[in-house]
Amino acid sequence: MEQVLSHLGLLDKLRGRGLQRRGPCPIHGGPNDSQPTFSAHLGKHIFQCFHAKCRAQGNALDLWAAIHKLPVYEAALHLAETFHLPRNRETTSNRMLHWALRTAKVKSRLLIPVIRFSAGF
Ligand SMILES: [Zn+2]
């Protein structure tokens, strides 16, 4: 999450020193919007916007998709390319990976590294 926020130039715009950061929402907010409705947790690798009309939330991949206005699968490919994430070469015997595949919006096993990167494990 921190890498993604940093790459998007958002990390400096968020306030807070711990794992919880808050600031203007990069998804629904315009350049003049300074309401700190956006919250990201660097440890849990999740974000959420509390604005009633936005309510965007998810992990780093969801943020990437929302900001680039891409469907989640295309966003995953784009994220993999941007951060030089490899295509999957591991088996899914790992319980965390089984869980990730079940809960992720992207079901392709090829994109397991993206899912891992986005969920922070
Ligand atoms: Zn928002």
Side-chain angles (χ1 to χ4, degrees):
M1 181 58 89
E2 193 165 353
Q3 268 179 282
V4 168
L5 288 170
S6 170
H7 186 92
L8 294 169
L10 299 172
L11 204 54
D12 296 341
K13 295 180 183 158
L14 302 178
R15 278 171 293 207
R17 288 182 184 196
L19 293 171
Q20 188 83 50
R21 308 289 170 94
R22 288 198 79 150
C25 178
I27 297 165
H28 82 264
N32 300 320
D33 183 12
S34 59
Q35 285 204 343
T37 58
F38 181 86
S39 162
H41 197 285
L42 305 182
K44 295 177 186 165
H45 300 271
I46 51 173
F47 76 93
Q48 190 170 5
C49 173
F50 298 100
H51 191 279
K53 288 182 183 162
C54 179
R55 295 199 177 279
Q57 59 172 309
N59 65 22
L61 174 57
D62 300 310
L63 180 62
W64 196 261
I67 288 194
H68 292 102
K69 302 192 194 315
L70 288 170
V72 74
Y73 185 78
E74 274 74 22
L77 295 176
H78 186 219
L79 188 67
E81 204 176 281
T82 306
F83 290 93
H84 307 291
L85 303 175
R87 288 304 180 98
N88 182 51
R89 290 186 195 284
E90 50 193 321
T91 63
T92 51
S93 58
N94 184 311
R95 280 181 61 202
M96 279 295 270
L97 287 180
H98 274 292
W99 171 81
L101 274 177
R102 266 210 318 280
T103 56
K105 289 167 193 142
V106 180
K107 301 294 182 196
S108 171
R109 289 166 60 113
L110 277 176
L111 294 171
I112 286 172
V114 179
I115 295 166
R116 282 181 88 121
F117 176 82
S118 306
F121 69 88

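Note that ligands are numbered from 1 as they come in the structure, with each ligand's atoms numbered from 1 the same way.
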List in chain and number order the residues that pass side chain to side chain donor-acceptor pair (under 3.5 Å) with [X], two or more places apart in sequence or in another chain; answer none if no residue qualifies.
{"X": "S39", "result": "Q20"}
{"X": "H51", "result": "none"}
{"X": "E74", "result": "none"}

H68 vs L8 side-chain heavy atoms within contact, under 4.5 Å: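 Yes, close enough: below the 4.5 Å cut-off.
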2.8 Å shell around the Zn ion (ligand 1), exclusive bound, protein N/O/S atoms: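 With waters ignored, the protein N/O/S count below 2.8 Å is 4.
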Aromatic ring proximity H28/F38, centre distance under 6.0 Å: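 No; F38 has its ring centre 6.0 Å or more from that of H28.
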Test applied, side-chain contact (heavy atoms from CB on, under 4.5 Å); reference residue, L79; option that passes from V72, L63, V4: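 By the side-chain contact (heavy atoms from CB on, under 4.5 Å) criterion, L79 pairs with just one of V72, L63, V4: V4.
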